[in-house]
Novice: 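Got a structure for you, written out below as structure tokens; questions coming shortly.
In this text, all values refer to a predicted model and were calculated from it rather than measured experimentally.
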Amino acid sequence: MKGIEGKVAIVTGAASGLGLAIAARLDAAGATVVSTDIDEAGGIVAAGRLARGAFMRHDVASEDDWSRVVAETKARFGPLGILVNNAGITTVGSIEDVSYAAFRHELDIDLCGTFLGCQAAVRAMREDGGAIVNISSASGLKASSWLVAYNAAKAGVTLMTKSIALHCGEKGYAIRCNAVHPGVIEGPMIEKAGAQTGDVAAFRAGLVKTHPIGHLGEPADIAAMVAFLVSDEAAFATGASFVVDGGLTL
């Protein structure tokens, strides 16, 4: 993809799964990738597989952590050109099942963490420009009774992305902000969410049935879309929702 080589990128939640695949794809395209995660041990191992960049421990719900990560990234590698807000959790439960504490925690990570990342990135990119990709979800477009907290968080990410894109355009910043909406992707998130139901195998089988394509997605499917969106080939795309969900939202 044109326009990725030589750029400095931050990818959150990059110790495993989707974040790791995104970091590896941008690294392969020539970006210097700062991989961040709350999982320090896993993050160090994952970042060690990349040709460039570094790992930084990072709680995305912490404003102080965002300030530190962005400042250190700029000091070590140069201007920030790409941010991928990927870190997230999935809280399983209906409006009658989910506690207020669990609901708030979901929003703290998935919605507030994305807000803090976008705010820090816009401030860092407004002079030189850049590209932000927020990983929302098919669940940010289509409701499920058993994902009330996740639906709320990801729907917030969806519309917040549009607001940020409008703001950058109105200000004349050369910053594009888009959202990607994956279906269910193979990886550790399925195990974590399935464990909340008590039967991971049945949970996974049920998820497969919701995808008309007949199978779950792979991290590489989403990494390819992210690479496109941060590249020069997506120069006219901003404030948009890119659905990569195997037909889940049809």
Side-chain angles (χ1 to χ4, degrees), residues 1 3-90 108-110 112-121 123-125 128 130-136 178 180 182 185-192 217-231 244:
M1 297 286 182
I4 297 178
E5 187 173 4
K7 294 287 181 68
V8 176
I10 293 174
V11 179
T12 68
S16 62
L18 184 51
L20 175 57
I22 293 169
R25 181 64 182 255
L26 297 183
D27 175 72
T32 297
V33 180
V34 174
S35 303
T36 83
D37 206 293
I38 200 168
D39 175 6
E40 187 169 4
I44 291 171
V45 172
R49 300 172 184 169
L50 306 183
R52 291 162 297 278
F55 170 78
M56 297 183 192
R57 190 185 187 282
H58 183 195
D59 176 359
V60 295
S62 166
E63 188 171 9
D64 288 343
D65 267 19
W66 270 110
S67 296
R68 173 183 55 79
V69 166
V70 171
E72 188 175 342
T73 296
K74 291 173 66 178
R76 291 179 61 181
F77 302 110
L80 178 65
I82 297 168
L83 169 65
V84 183
N85 281 307
N86 165 75
I89 60 173
T90 304
D108 282 345
I109 303 300
D110 286 16
C112 297
T114 300
F115 164 80
L116 290 172
C118 288
Q119 187 174 72
R123 290 170 176 170
M125 294 176 176
D128 299 317
I132 300 169
V133 175
N134 296 325
I135 304 299
S136 180
N178 291 290
V180 174
I185 305 300
E186 297 282 9
M189 189 74 79
I190 295 175
E191 297 294 322
K192 292 176 182 178
E218 295 291 339
D221 298 327
I222 309 306
M225 177 58 76
V226 171
F228 166 71
L229 289 174
V230 302
S231 76
V244 190

Novice: Apply side chain to side chain donor-acceptor pair (under 3.5 Å) to Glu186 and list each qualifying residue two or more places apart in sequence or on a separate chain.
Specialist: Arg204
Novice: When you measure from the side chain of Ser62 to the backbone N and O of His58, does any donor-acceptor pair fall under 3.5 Å?
Specialist: no
Novice: Identify each donor-acceptor pair in which a side-chain atom of residues 4-15 lies under 3.5 Å from a protein atom, sequence neighbours left out, and give them as a table.
Specialist:
unit_1, atom_1, unit_2, atom_2, d
Lys7, NZ, Gly3, O, 3.0
Thr12, OG1, Asn86, N, 2.9
Thr12, OG1, Ala87, N, 2.9

Novice: Taking the side chain as every heavy atom from C-beta outward, state whether Ile22 and Leu18 have any pair of such atoms under 4.5 Å apart.
Specialist: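 Counting from C-beta outward, Ile22 and Leu18 do come under 4.5 Å.
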Novice: Less than 4.5 Å apart, any side-chain heavy atom of Asp39 and any of Ser16?
Specialist: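 No, every pair of side-chain atoms sits at 4.5 Å or beyond.
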Novice: For the residue pair Ile89 and Asp110, establish whether any side-chain heavy-atom pair is separated by less than 4.5 Å.
Specialist: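 Of all side-chain heavy-atom pairs linking Asp110 with Ile89, at least one is under 4.5 Å.
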Novice: With sequence neighbours left out, write down each residue that passes side chain to side chain donor-acceptor pair (under 3.5 Å) with Asp37, or none if nothing qualifies.
Specialist: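 Asp37 satisfies side chain to side chain donor-acceptor pair (under 3.5 Å) with no other residue.
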Novice: Could you list the residues that satisfy side chain to side chain donor-acceptor pair (under 3.5 Å) with Arg76, not counting sequence neighbours?
Specialist: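 Testing Arg76 for side chain to side chain donor-acceptor pair (under 3.5 Å), a comparison that skips the adjacent residues, returns Glu72.
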Novice: Any idea which heavy atoms bring Ile185 and Glu218 closest together, and the distance?
Specialist: CG2-C, 3.6 Å
Novice: I want to check something: taking the side chain as every heavy atom from C-beta on, are Ile132 and Asn85 in contact at a cut-off of under 4.5 Å?
Specialist: yes
Novice: If you look only at pairs with a residue in residues 9-36, which of them pass as a salt bridge (charged side-chain N to carboxylate O under 4.0 Å, His left out), with sequence neighbours excluded?
Specialist: Asp27-Arg52
Novice: Closest heavy-atom contact between Phe77 and Ala54?
Specialist: CZ-CB, 3.9 Å
Novice: Heavy atoms, side chains only, cut-off 4.5 Å: are Leu20 and Pro219 in contact?
Specialist: no
Novice: Please evaluate residues Val60 and Asp65 with respect to the criterion side chain to side chain contact (heavy atoms under 4.5 Å, CB included), reporting the C-alpha separation (whole Å), side-chain torsions for both, the decisive distance (0.1 Å), and the verdict.
Specialist: CA-CA 7 Å; Val60 295; Asp65 267 19; over 6 Å; no
Novice: Sequence neighbours excluded, which residues qualify as side chain to side chain donor-acceptor pair (under 3.5 Å) partners of Ser35?
Specialist: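 Ser35 satisfies side chain to side chain donor-acceptor pair (under 3.5 Å) with no other residue.
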Novice: Which atom names give the shortest non-hydrogen contact between Ser231 and Met1, and what distance separates them?
Specialist: CB-CB, 3.5 Å
